[in-house]
Structure formats: C-alpha cells, structure tokens
**Q** 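Structure in structure tokens, see below.
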There are 2 protein chains.
Amino acid sequence: MGKLDFSPIADTTRRAEIVGLLRRAILTGQLEPGQKLNELRIAEQMRVSRAPLREAMRELVQEGILTSIPYAGTFVIDVTAKDIEDAYSLNKVLDEFAIERSWPLRDERFFEELDRRHEAVKQATRDRDTTRQIETALQLHGLIYEWADNAVLLDTWQRLTSRLQMYFALHQRARNEVVPAEDVHETYVRLLKGADMGAAQRHAREHIDLDFEELVAYARGLEKRASKGA
Amino acid sequence: MGKLDFSPIADTTRRAEIVGLLRRAILTGQLEPGQKLNELRIAEQMRVSRAPLREAMRELVQEGILTSIPYAGTFVIDVTAKDIEDAYSLNKVLDEFAIERSWPLRDERFFEELDRRHEAVKQATRDRDTTRQIETALQLHGLIYEWADNAVLLDTWQRLTSRLQMYFALHQRARNEVVPAEDVHETYVRLLKGADMGAAQRHAREHIDLDFEELVAYARGLEKRASKGA
DNA sequence: GACAAGCAGATTGTCGACAATCCAGCAAGG
DNA sequence: CCTTGCTGGATTGTCGACAATCTGCTTGTC
C-alpha cells in the first residue's frame, strides 16, 4: 500500500463557489465599501438562484466584510479610519502571541515554507501585480499563525485578514501606484529564522506601524472628503 | 426635542429568530457537541421553511459553533481539550489588551454597569441557575471589551465567548452540581475599580487559570473515555 | 407651497417542490 | 469470505414563485 495521502476533494457546491467569488470581488475592491449587493442582479449574472447566493452572503456577513439590514439589503462594510486602527492594534497583540507560540515549533518545513512565501511576494512585486502582492504578503505574514498550533487563533487571524486585505486593496487602488520594489520583508524573514524571539516580536510591531500610519492617514483623508461632500 | 434615544426595533425576520433559538440550544447544551442537525425535522418543529433555517445555520457555522460538511450535514462542533486550551490561552491575551484599552476610558457609567452585571451574577448564583450564571459571568467579563472602544476586538471576543459558554455549559451539565456560592468575581471587580492596571491584568490571567485547569481536566477525561469506547 | 395618505415599483424574506448527492444494505462475482 | 457494483431511501443543495416590506412618487388637502 503506497503511503500517498490524498487531500480532501474540493467542495463543489454553488454556495462555496459564490462565497469565493464574492470575497475576492470585495477584497480586491471590485465591490466598493458601502456598495449595495442586489441579489437578483448578482444571481442572474452568476447564473444561480438566489438561495445559494443568500446563504453565501450570510457567511460573508458573519465573516465581517458584509453587513445586512433586514428588508433593506446587504452592503459591503464601510471602512473608517477607526476600523483600520482597531484592526491594526489588535493585529499587533495577536502577532506577538503568534510568534511566541510558533517560536518553539519552528522546524525545517517552517523555514522552507517561509522562503516559499517570501519568494511569492517578491515574484508578485516583480510582476507589479499589486493585488497578488497584498495576498502573498498576508500569506507570508500568516505563516506564524498557521504554525502556532492554535485553531482559535488561526480562525481569528483569518477573519482579521479579510479586513486588512480589504483596507490594503482600497489603499493601493487609491494611490494607484506600485509599492516600492525594495523588499520590506527581508528583515522579518531573517528574524523569524533567528534565535531572538523578542527581536522578532518587536520588528513585527514596528514593521506594521509603518504601513499602518500611511493607511490611516489615507483613510482619514477619505473621510474628510466624504463629510465635505455630504 | 426630548433627549430620549430609542433602541433600534427588533429585527423581526424568521432568520434572526432562528439564529437565537439555535444558538441558545447549542450554548446551553440542549444540542450536544457532534450532534447532527436535521434540517427537515428542525424546520417542521419550528414551523418554518428550510430556507431561513439554512441561512441561520450558515451564520452559526461562521460563528464557529456549527460545522458543515457538504451533502453530509451540519453538526454542532466537537469540543476537544485542545480547543479549550486554545480558546483560553487566546482569551488571556485578549483580556490583557482589553484591560489596557478600556483602562483610561473607565467612567461613572462603567462602574455602574460593572456593579449591575456583578449583581446579576450574584443573583443567578443565589437562584442556583447555572445556565444564567454562565451567561451573566461572561457578560460581566465582557464589559472591558465593550469599553475598550475597539469594534474588531469586541467582535473577536464575542466569537470567542460563544465557544467558552459552550464549554462551560458542557462542564456544568456534566458535573451536575452548582458552582460554589462564594463570589469569585469580587476581587476582579474591585481591581477594575482600582488604580493598578497591572494588578487587574495579572488577576484576570490567574483567575482564568483556575476554572481553566478544571475544565481542561474534564475535557481530557471525556476524550479518554471516548477513545476507549471507539 | 407644505404636508400627509396612498399607490406602484423594486427588493428582500419565505415557501414548497425538484434535483443532486450520500449512505446502508444487498446481490453478484471472484 | 472479501470485494465490487447496484439500488432505494433519506438528506442536503438548488430552483422558481409568492408574500412581506421598503422607497419614492403622486395626489389630494389645507
């Protein structure tokens, strides 16, 4: 008997398919914050009935990237500067925890995976594919969570990631320019391979702060413009 | 114009109603871990069609207390000792963060609410209502999260709470005895009113450890028995 | 002109029925 | 015996239609 283990087969329900499509559309900014999702129109476009679409929407509501008002509609969440600050400050705490927990569990496979994901980010950067760049950067960042051996933590982070990805996409689309080609993750990867856990934790916190400031500034700008318009 | 603020009117959709019913049934242990939810039977019992029931289930799946396998069914999540450990270790970190953030925001209303919730726990304890005791204790515990002024954190904690409540209920039902009448929250409340934030954080961590040890021990016992049976 | 009542259109919420899938049990073949 | 393939029943996934609700406009009244 060969020792080949098969991965579980893909769930091919329309619902799961729809969830993926919608999530991607939201996280890449194709569906803008605050925008209403018309069930009938989307169902027709996807050639699907409303039942699985609505179920998919309920999932994304609970995932935190959609919000639903009974008899009024389902909307992409609004992104406020406060939301971004909140998400980031929580992310810092979780990062420290994830590093602490994954630290003693780092092994050969961890380092391989670290390099693989780092390489993916660099590739996306070379390709000037900003969307993919955000995705891969978050996946790189997520490795410590996957390795922390804490299902609840991982779940929490993935939920947080959805929002972060959405915020980043919004930011990227807005300033409409490619991120600096220099590799900002070099230090992060090096520290995760090293022996000083405290240093890794500190870097994670500070590295986050950099992007964060810019993102919040951008969001505050958005809000100022919006309030002027209204 | 009077300064009376009305609370939003109740969402009267069947779906919301069903979510409440199911959540309560799960968190109080009326639906046991691992148990399958038969859509047709539940729909008939609730006198509701399957559509809103299924949508409600999707919400609870994303909430983390149900799990769904396509074409097989939707089940109450299984509670493993590891899950409990994971939830608790994360809870510790979040508690520290919540205390830190809510600390400078404590005001008169905070202290009032703190007393009110503390009183509710004591009342439930006097009534020997274990289910309500769990609920109220978690609500007391949740105050720092509500006051931390961080929507993402609050959201995260509420999700975590669902699991914790489920674990506690399981535990309570199993040992089938009332919790000690002495008030274990006295110190917690006092420290939250005090001036030493570090002390409050330490206490939160240690107080949690107490219940935690017992709960994990119980869960491990469960699993040992289960593996023997299988 | 201001305002309330009411109507029409659009959209969401719910329903009952049908299609796709799974599972246990049994028969056929080695 | 063990394995393979089939079949019937039960359950989940999906569909199209109907009911409930909201929104904006029109109308009538003052």
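Naming: A, B, ... by sequence-line order, numbering from 1 per chain.
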**Q** Rounded to the nearest angstrom, tell me the gap between atom CZ in Arg41(B) and atom P in dT11(D).
**A** 8 Å
**Q** Suppose we screen for salt bridge (Lys or Arg N to Asp or Glu O under 4.0 Å). Which residues come up paired with Asp83(B), at least two apart in sequence or across chains?
**A**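 For Asp83(B), no residue satisfies salt bridge (Lys or Arg N to Asp or Glu O under 4.0 Å) once neighbours in sequence are set aside.
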**Q** According to a strict under-4.0 Å criterion, is Arg58(B) in side-chain N/O contact with OP1 or OP2 of dT12(D)?
**A**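 For dT12(D), OP1/OP2 do not have a side-chain N/O of Arg58(B) under 4.0 Å.
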**Q** Arg54(A) CZ to dC15(D) P: how many Å, rounded?
**A**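 Taking atom P of dC15(D) as the reference, CZ of Arg54(A) is at 14 Å.
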**Q** Kindly write out the residues that satisfy side chain to side chain contact (heavy atoms under 4.5 Å, CB included) with Arg47(B), not counting sequence neighbours, or none if the list is empty.
**A** none
**Q** Could you give all pairs that pass the salt bridge (charged side-chain N to carboxylate O under 4.0 Å, His left out) test and reach residues 130-140 of chain A, with sequence neighbours left out?
**A**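 Sorted result for residues 130-140 of chain A: Arg24(A)-Glu135(A), Arg132(A)-Glu135(A).
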**Q** Using whole Å, report how far CE of Met57(B) lies from C1' of dG13(D).
**A** 13 Å
**Q** How would you label the contact of Ile18(B) with the nucleic acid (heavy atoms, under 4.0 Å): base, sugar-phosphate, or nothing?
**A** nothing
**Q** The side chain of Glu39(A) is closest to which nucleotide in this list: dT14(C), dT12(C), dG13(D)?
**A** dT12(C)
**Q** Tell me: CZ of Arg15(A) to C1' of dC15(D), nearest whole Å?
**A**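 Those two atoms, CZ and C1', are 15 Å apart.
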**Q** Which residue lies toward the 5' end of DNA chain D, Leu40(B) or Arg47(A), if each is placed at its nearest nucleotide?
**A**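 In this pair, the answer is Leu40(B).
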**Q** Using whole Å, what does the distance between atom P of nucleotide dG9(C) and atom CG of Asn38(A) come to?
**A** 18 Å
**Q** Whole Å only: how far is the CD atom of Glu55(A) from the P atom of dT12(C)?
**A**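 Nearest whole value for this atom pair: 16 Å.
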**Q** Could you state the atom-to-atom distance from CG of Leu53(A) to C1' of dT11(C) in whole Å?
**A**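 Taking CG of Leu53(A) and C1' of dT11(C), I get 13 Å after rounding.
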**Q** Evaluate the salt bridge (Lys or Arg N to Asp or Glu O under 4.0 Å) criterion for residues Arg163(A) and Glu63(A): first the C-alpha distance (whole Å), next the side-chain angles of each, then the deciding distance (0.1 Å), finally the verdict.
**A** CA-CA 9 Å; Arg163(A) 298 188 183 216; Glu63(A) 204 172 303; over 6 Å; no
**Q** For Asn150(A) and Tyr145(A), test the side chains for any donor-to-acceptor distance below 3.5 angstrom and give the result as yes or no.
**A** no
**Q** Residues in salt bridge (Lys or Arg N to Asp or Glu O under 4.0 Å) with Lys36(B), at least two apart?
**A**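 With neighbours one apart ignored, the set is empty.
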**Q** Choosing from dT12(C), dG13(D), dT14(C), which nucleotide comes nearest the side chain of Lys36(A)?
**A**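 Nearest to the side chain of Lys36(A) among the choices is dT12(C).
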**Q** Who passes ring pair (Phe, Tyr, Trp, His ring centres under 6.0 Å) against Tyr167(B), sequence neighbours left out?
**A** none
**Q** What protein N or O atoms touch nucleotides 16-22 of chain C N or O atoms at under 3.5 angstrom, if any, and at what distances?
**A**
none

**Q** Which whole-number value in Å describes the distance from Ile69(B) CD1 to dG13(D) P?
**A** 11 Å
